S.K.: 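Sharing a structure here in structure tokens format.
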Amino acid sequence: MNYELQQIQAFLKVAELESFQAAAQSLNLSQPALSRRIKKLESILGTPLLARTTRSVSLTTVGRDFFPQAKRLVDEFDHALFNIRALAENRIGQITLACIPTAAFYFLPAVIREYNARYPNIRIRLLDLSANDGLGAVLSGEAEFGINMLSGHHPDIVFTPLVVEPFVLVCRHDHPLAAHDSVTWSELSTHKLIGVGKMSGNRMLLDHELSSLTQRPTWFYEVQHLSTSLGMVEAGLGVAAVPRLSMPDQEHPLLVQRPLVEPLVKRTLGMVRRRDSALSPAAERFVETLLKHWDKGGVEGSTGPINL
DNA sequence: TTGAATCGGCATTATAAGGT
DNA sequence: ACCTTATAATGCCGATTCAA
């Protein structure tokens, strides 16, 4: 414990009670000991803070000036200690995670709900970013960890797989392809395909996986978000290839999904975090909750929608 | 292990204020 | 002027800490 802080606390107490005797009692200290603390503080500051006679104590001009500052100092110190304790006990805090929109929408809400029930005072900042931006946010430290797709491997990133999911075809139920049980990628080349931008993680994955096909699909419309492409499909503008998790529900009034094969393209979603930095206690708890959900919900995301 | 520095407590002193 | 009382300051000593 810092001696000077004790001295300042002693000064405040004497100033408040205008008595060494009473202040000493209040501080569980003998009066001579308190006398010495004040004297020490005054010698450090080089000026008397308290004007005392044997019968009364009052503040000197300097003491009156110093009092509010000292009070604020001690209050802030107490407050800081309180906060640090609360942080350590997971009573307060904030975590920031960066995840791709699909994850943010489809499987994080359940995890967040459970986490929030257990740690109601920990705020969650959810950055729903593209795969690239999300990875950048984790690398820069803006986010403590993230949920992203596996794309190459960055030396500073640790990837923990959570779910593998296939890309599926989405079309309107009145579209010719809706009559097929499954659709090959080559078949798509004759249809108007709605795809996401060239820099999107999904698009890069698809371009890579499909590069060996002789009849590659060509993207007729290009959008930024999967949800936009779904909307365009709904409007009858074309068909889209999307990760299965981004499909709203099994029973959509207008949209149907069909397996996309030859080849079967899958993406792996998982947790990303920096290799070199430890997570905060609050984030650790969140990751625990997340992984627990995945043990329960199943890594079988490739075979069906995930129940949470 | 030891010696210096520092803190706190007990006993005591010094002194201001009030009463006679 | 002298006594009493209340209270801060000081002397002294033991305990603890820290560095050599």
Side-chain angles (χ1 to χ4, degrees), chain A residues 1-97 115-116 118-125 137-145 155-158 160 271 273-289 291:
Chain A
M1 177 56 78
N2 193 332
Y3 297 119
E4 289 175 38
L5 187 75
Q6 287 187 322
Q7 290 158 8
I8 292 170
Q9 283 170 323
F11 160 69
L12 290 174
K13 196 56 96 177
V14 174
E16 278 165 22
L17 300 176
E18 297 187 320
S19 157
F20 275 66
Q21 190 80 261
Q25 210 164 22
S26 157
L27 293 168
N28 293 315
L29 204 66
S30 68
Q31 174 268 317
L34 176 61
S35 235
R36 286 188 171 105
R37 271 191 197 176
I38 300 290
K39 193 177 167 191
K40 179 101 185 282
L41 177 63
E42 289 175 328
S43 82
I44 288 170
L45 297 176
T47 178
L49 297 170
L50 297 160
R52 48 257 206 213
T53 71
T54 56
R55 305 291 273 202
S56 70
V57 178
S58 59
L59 286 165
T60 62
T61 312
V62 178
R64 243 193 312 283
D65 207 43
F66 183 55
F67 184 84
Q69 301 176 55
K71 183 133 183 81
R72 199 165 56 241
L73 197 74
V74 170
D75 286 349
E76 277 174 15
F77 188 79
D78 285 346
H79 193 238
L81 284 187
F82 179 84
N83 280 343
I84 287 168
R85 258 196 296 275
L87 265 178
E89 294 165 12
N90 292 319
R91 281 190 283 114
I92 61 164
Q94 174 175 292
I95 54 178
T96 301
L97 63 154
Y115 183 80
N116 188 248
R118 287 191 59 187
Y119 308 104
N121 293 316
I122 296 183
R123 292 175 53 206
I124 297 172
R125 271 183 79 214
V138 172
L139 279 170
S140 74
E142 192 192 351
E144 282 193 76
F145 62 98
D156 297 335
I157 290 285
V158 185
T160 312
M271 197 184 77
R273 50 182 289 191
R274 279 194 307 286
R275 187 179 298 282
D276 54 353
S277 65
L279 294 180
S280 67
E284 288 280 6
R285 301 290 91 73
F286 190 90
V287 169
E288 278 169 22
T289 312
L291 295 179

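Reminder, nothing fancy here: chain letters follow the sequence lines and each chain counts from 1. Because the structure is a prediction, the values reported are computed rather than measured.
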S.K.: For A:Leu29, answer base if it contacts any base atom (sugar-phosphate contacts may also be present), sugar-phosphate if it contacts only those atoms, and nothing otherwise; contact means non-hydrogen atoms under 4.0 Å.
M.R.: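 It contacts sugar-phosphate atoms only.
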S.K.: Within the 3.5 Å criterion, strictly below it, is a donor on A:Ser280 or A:Glu144 matched to an acceptor on the partner's side chain?
M.R.: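 Distance-only check passes for A:Ser280 and A:Glu144.
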S.K.: Starting at atom CZ of A:Arg52, determine the distance to atom C1' of C:dA6, rounded to an integer number of angstrom.
M.R.: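 Going from A:Arg52 (CZ) to C:dA6 (C1'), I get 17 Å.
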S.K.: Could you go step by step and tell me if A:Lys71 and A:Glu16 meet the salt bridge (Lys or Arg N to Asp or Glu O under 4.0 Å) rule?
M.R.: CA-CA 11 Å; A:Lys71 183 133 183 81; A:Glu16 278 165 22; 3.7 Å; yes
S.K.: Which atoms form the tightest heavy-atom contact between A:Leu59 and A:Arg64, and what is the distance?
M.R.: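 In this case the closest contact between A:Leu59 and A:Arg64 is O-NH1, 3.5 Å.
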S.K.: Under 6.0 Å between ring centres: does that hold for A:Tyr119 and A:Phe286?
M.R.: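 Judged by ring-centre distance (under 6.0 Å), A:Tyr119 and A:Phe286 do not meet the cut-off.
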S.K.: Quick check for you: to the nearest 0.5 Å, what is the distance between A:Leu49 atom CG and A:Phe11 atom CZ?
M.R.: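 Going from the CG atom of A:Leu49 to the CZ atom of A:Phe11 covers 5.0 Å.
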S.K.: Answer yes or no: is there a side-chain heavy-atom contact under 4.5 Å between A:Arg125 and A:Glu142?
M.R.: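 Answer yes - side chains close enough.
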S.K.: Taking 4.0 Å as the cut-off, does a side-chain nitrogen or oxygen of A:Ser35 come that near to OP1 or OP2 on C:dA9?
M.R.: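 For C:dA9, OP1/OP2 do have a side-chain N/O of A:Ser35 under 4.0 Å.
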S.K.: Look at the side-chain N and O atoms of A:Lys39 and state whether any lies under 4.0 Å from the OP1 or OP2 oxygen of C:dT10.
M.R.: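 Yes.
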S.K.: Please report the distance, rounded to the nearest Å, between CD in A:Gln25 and C1' in B:dG9.
M.R.: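 Spelled out: CD on A:Gln25 to C1' on B:dG9 is 15 Å.
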S.K.: Would you say that A:Asp276 contacts A:Asp156 through its side chain, given a criterion of any heavy-atom pair below 4.5 Å between the two side chains?
M.R.: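 No, their side chains stay 4.5 Å or more apart.
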S.K.: Is there a donor and acceptor pair, one atom on the side chain of A:Gln31 and one on the base of C:dA9, closer than 3.5 Å?
M.R.: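 Side chain to base: pair present.
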S.K.: Does B:dT6 have OP1 or OP2 under 4.0 Å away from a side-chain N or O of A:Lys40?
M.R.: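 Result: no.
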S.K.: Could you state the atom-to-atom distance from CG of A:Leu27 to P of B:dC7 in whole Å?
M.R.: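 Distance, rounded to whole Å: 16 Å.
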S.K.: Could you go over nucleotides 12-16 of chain C and give all protein N or O partners under 3.5 Å, atom names and distances?
M.R.:
unit_1: C:dC12; atom_1: N4; unit_2: A:Arg36; atom_2: NH2; d: 3.1

S.K.: Closest approach to the side chain of A:Pro32, judged atom by atom: which nucleotide of C:dA8, B:dG9, C:dT10 is it?
M.R.: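 For the A:Pro32 side chain, the nearest candidate turns out to be C:dT10.
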S.K.: Please report, rounded to the nearest Å, how far the C1' atom of B:dT6 is from the CZ atom of A:Arg37.
M.R.: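 About 12 Å, once rounded to whole Å.
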S.K.: Quick one: A:Leu49 CG to C:dA8 C1', roughly how many Å, whole number?
M.R.: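 Those two atoms, CG and C1', are 16 Å apart.
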S.K.: Can A:Lys39 and A:Glu42 be counted as an ion pair, charged N to O under 4.0 angstrom?
M.R.: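 Here A:Lys39 does not pair with A:Glu42 in a salt bridge, since their nearest N and O are not under 4.0 Å apart.
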S.K.: Start with the C-alpha gap between A:Phe66 and A:Thr60, add the side-chain angles, then the distance that decides, and say whether side chain to side chain contact (heavy atoms under 4.5 Å, CB included) holds.
M.R.: CA-CA 10 Å; A:Phe66 183 55; A:Thr60 62; over 6 Å; no
S.K.: Give the rounded distance in Å between these two atoms: CD of A:Gln6 and P of B:dT6.
M.R.: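 Rounded to the whole Å, the gap is 15 Å.
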S.K.: Which atoms form the tightest heavy-atom contact between A:Ile8 and A:Ala70, and what is the distance?
M.R.: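 Heavy-atom minimum between the residues: CG2-CB, 3.6 Å.
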S.K.: Taking CG from A:Asn28 and C1' from B:dG9, how many angstroms apart are they, rounded to a whole number?
M.R.: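 For the pair A:Asn28 CG and B:dG9 C1', the rounded distance is 14 Å.
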S.K.: A:Phe20 side chain: which of C:dA8, B:dG9, C:dT10 is closest?
M.R.: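 Of the candidates, C:dA8 comes closest.
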S.K.: Measure all distances between protein nitrogen or oxygen atoms and nitrogen or oxygen atoms of nucleotides 17-19 of chain B, and list the pairs falling under 3.5 Å.
M.R.:
unit_1: B:dA17; atom_1: O4'; unit_2: A:Arg55; atom_2: NE; d: 3.4

S.K.: When the distance from CD1 of A:Ile38 to P of C:dT7 is rounded to whole Å, what number comes out?
M.R.: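 Rounding to the nearest Å, CD1 of A:Ile38 and P of C:dT7 are 17 Å apart.
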